[in-house]
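See below for the structure under consideration.
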Amino acid sequence: MIVEGAAGAAYEAGLLALREGALLELAVRALRAAPDVLLVNATGRDHPRRAGLATHLGAMLGLPTVGVTHRALVAHGDRPSDEAGGRSPLLLDGECVGAWLRTRPGTRPLAVHAAWRTDPDVAVRVVLAATRGARTPVPLRAARRAARSARAATCSAAVGD
DNA sequence: GCGACAG
DNA sequence: ATCTTGTCGC
């Protein structure tokens with residue numbers, strides 16, 4: 001099933017939930033079975049008000065969530081060692097809100113975020129379990145492929161071919 | 001001198 | 001996200 005709709009607002013750092021929160025919530029609710037944990041391409045507690053999109057989504061759905069991004073929003077942390085599983089804490093006001101995680105040697109680490117009912121350790125464990133040798137977690141790659149495919153179908157239909 | 005801050 | 005540069009594997 002394809003869930004589509006307009007963005008709720010233009011992109012603005014720190015306000016991502018305002019842009020895609022409602023649509024993502026609808027998409028998850030459309031699932032036949034509720035997942036045990038949700039991987040979200042957004043931050044969690046790494047946010048000015050400790051409420052990144054991953055945290056928002058988990059709260060609205062009542063599902064544990066883990067965030068995964070290319071970079072941090074406001075948290076800071078040293079680079080992890082260049083070995084599979086290498087990690088270093090992402091801190092915000094002295095609190096650990098996530099971790100830089102080397103999912104694959106020789107590639108840039110991923111920012112893994114504790115979000116709704118999850119902590120940095122659980123976030124790292126979930127991401128590593130969902131990664132298996134690839135740099136990006138398998139579920140996120142699958143989601144991007146599905147989104148690209150759906151978008152292409154929708155756009156070509158709108159144009160008329 | 002410019003930008004810094006998820007997608 | 002989008003773009004550009006650099007590296008790796010088929």
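A, B, ... follow the sequence lines: proteins, then strands. Residue 1 opens every chain.
- Residue A:Ala72 is classed as a sugar-phosphate contact, given heavy-atom separations below 4.0 Å to backbone atoms only.
- Regarding A:Asn41, its CG atom lies at a distance of 6 Å from the P atom of B:dG7, rounded to whole Å.
- In this structure, CG of A:Leu23 is placed 18 Å from P of B:dG7, rounded to the nearest angstrom.
- A:His113 comes within 4.0 angstrom of nothing in the nucleic acid, heavy atoms only.
- As rounded to whole Å, 5 Å separates atom P of B:dA6 from atom CZ of A:Arg71.
- One can place CZ of A:Arg135 at 15 Å from P of C:dC8, the figure rounded to the nearest angstrom.
- Across the protein-nucleic acid pair, A:Leu16 atom CG and C:dA1 atom P stand 11 Å apart, rounded to whole Å.
- With values rounded to the nearest 0.5 angstrom, A:Arg71 atom CZ is found 13.0 Å from A:Leu90 atom CG.
- Between the side chains of A:His47 and A:Thr55, no donor-acceptor pair of N or O atoms lies under 3.5 Å.
- To the nearest angstrom, C1' of C:dT7 lies 11 Å from CZ of A:Arg104.
- Across the protein-nucleic acid pair, A:His56 atom NE2 and B:dA6 atom P stand 16 Å apart, rounded to whole Å.
- Within 4.0 Å (heavy atoms only), A:Leu18 reaches no atom of the nucleic acid at all.
- Stacking of the aromatic ring of A:Tyr11 onto the base of C:dA1 is not found under the criterion of centres within 5.5 Å and planes under 30°.
- Electrostatic pairing of A:Arg50 and A:Glu95 counts as a salt bridge here, judged by a charged N lying under 4.0 Å from a carboxylate O.
- Separating the NE2 atom of A:His70 from the P atom of B:dG7 is a distance of 7 Å, rounded to the nearest angstrom.
- A:Thr43 comes within 4.0 angstrom of a base, heavy atoms only.
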Residues A:Arg87, A:Asp121; criterion salt bridge (Lys or Arg N to Asp or Glu O under 4.0 Å); working and verdict: CA-CA 10 Å; A:Arg87 57 181 287 188; A:Asp121 272 358; 3.0 Å; yes
